[in-house]
Number of protein chains: 2
Amino acid sequence: MLADRRQKLEFRARLLKAMAHPTRIFIIEELARGEQCVCELTSLIEADMSTVSRHLSVLKNAGIVQDEKRGNQVFYRLRARCILGFFDCFETLKQQ
Amino acid sequence: MLADRRQKLEFRARLLKAMAHPTRIFIIEELARGEQCVCELTSLIEADMSTVSRHLSVLKNAGIVQDEKRGNQVFYRLRARCILGFFDCFETLKQQ
DNA sequence: TGCGTATTTGGCAAAAAATGCAAATACGCA
DNA sequence: TGCGTATTTGCATTTTTTGCCAAATACGCA
């Protein structure tokens with residue numbers, strides 16, 4: 001396989017993998033409603049804040065979310081809203 | 001978090017996880033061109049046929065592809081073409 | 001029935017991902 | 001400067017994923 005194609009496949013796989021976790025999908029859906037700080041997300045997700053922070057950094061490294069520090073807290077927001085469209089496709093797979 | 005929501009998140013994560021591998025994305029793209037038998041896919045992917053077969057079963061368990069045995073060989077085809085649209089969204093993330 | 005090809009499955013080892021705890025950092029405020 | 005809150009990072013452990021080899025299965029054909 002050509003190196004060029006392999007590179008494109010790996011890029012796509014990296015993005016899908018970054019999203020492929022229930023907590024990270026939850027984060028994506030919540031951020032679709034507007035930006036949130038880590039503490040707000042942590043209070044919604046029953047997990048250690050360090051775990052939530054790690055999930056956020058996975059999404060950030062993939063370019064899916066963006067962070068901004070304001071004062072004491074860090075706010076995250078969704079950078080690729082088109083991702084939300086994926087889930088409609090999934091619904092068609094659920095039946096049958 | 002409500003059990004109902006958690007279940008939905010897990011379903012979505014399972015689908016994303018099933019796609020989140022370079023070889024499996026390759027398979028999805030190839031099947032978008034039409035059905036292929038395992039041997040054809042194996043010859044395109046430089047990996048053991050057993051490895052390719054396992055990737056195919058991951059996609060099949062997720063409901064993304066469908067298989068049909070004809071004679072000696074097993075043909076796979078894409079069941080959810082809408083998945084192809086994902087990758088356009090990814091392109092927007094690549095720049096910057 | 002016996003052989004050859006196509007595919008899947010079992011088993012195992014290596015690599016990657018997930019998670020909590022504790023420690024480090026960053027920042028605002030008294 | 002010193003304290004308290006918010007966030008990230010280091011570390012150790014467990015779980016999951018990947019990939020190959022060898023063995024098992026399935027099927028067509030002589």
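Here is the naming used below: chain letters follow the sequence lines, and residue numbers restart at 1 for every chain.
- Taking 4.0 angstrom as the limit, Tyr76(A) places a side-chain polar atom (N or O) nearer than this to OP1 or OP2 of dT8(D).
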I'd like a table of donor-acceptor pairs (distance under 3.5 Å, sequence neighbours excluded) in which one partner is a side-chain atom from residues 26-34 of chain B, with atom names and distances.
from	atom 1	to	atom 2	distance (Å)
Glu29(B)	OE1	Arg5(A)	NH2	2.8
Glu29(B)	OE2	Arg12(A)	NH1	2.5
Glu30(B)	OE2	Arg5(A)	NH1	3.1
Glu30(B)	OE2	Arg5(A)	NH2	3.2

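- Residues satisfying the side chain to side chain donor-acceptor pair (under 3.5 Å) criterion with Glu35(B), sequence neighbours excluded, are Arg70(B), Arg77(B).
- Spacing between atom NZ of Lys60(A) and atom C1' of dT9(D) amounts to 13 Å, rounded to whole angstrom units.
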Distance-only donor-acceptor hits, side chain of residues 51-62 of chain A, under 3.5 Å, sequence neighbours excluded:
from	atom 1	to	atom 2	distance (Å)
His55(A)	ND1	Arg24(A)	NH1	3.0
Ser57(A)	OG	Arg54(A)	O	3.1
Lys60(A)	NZ	Asp67(A)	OD2	2.9
Asn61(A)	ND2	Ser57(A)	O	3.2

A correct 5'-to-3' footprint of nucleotides 23-30 of chain D, with B, S and - meaning base, sugar-phosphate only and no protein heavy atom under 4.0 Å, is ---BBS--

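- Residue pairs meeting the salt bridge (Lys or Arg N to Asp or Glu O under 4.0 Å) criterion with at least one partner in residues 42-51 of chain A, sequence neighbours excluded, are Glu46(A)-Arg6(B).
- Residue pairs meeting the disulfide (SG to SG under 2.5 Å) criterion with at least one partner in residues 48-78 of chain B, sequence neighbours excluded, are absent.
- At a non-hydrogen distance threshold of 4.0 Å, Cys37(B), Val38(B), Cys39(B), Met49(B), Ser50(B), Ser53(B), Arg54(B) from residues 24-59 of chain B come into contact with DNA chain C.
- A rotation axis mapping the C1' atoms of four pairs onto the next four is fitted at both ends of the helix from dT1(C)-dA30(D) to dA30(C)-dT1(D) over five pairs, and the angle between these axes is 20° to 10 degrees.
- Distance Asn61(A) CG to dA18(C) P: 13 Å, rounded to the nearest Å.
- Shown for residues 9-18 of chain A: residues whose heavy atoms fall under 4.0 angstrom of DNA chain C, namely Lys17(A).
- In this view, Arg81(B) satisfies the salt bridge (charged side-chain N to carboxylate O under 4.0 Å, His left out) rule with no residue, not counting sequence neighbours.
- The list of ring-ring contact (aromatic ring centres under 6.0 Å, His included) pairs with a residue in residues 69-88 of chain A, not counting sequence neighbours, reads Phe86(A)-Phe86(B), Phe86(A)-Phe90(B), Phe87(A)-Phe90(A).
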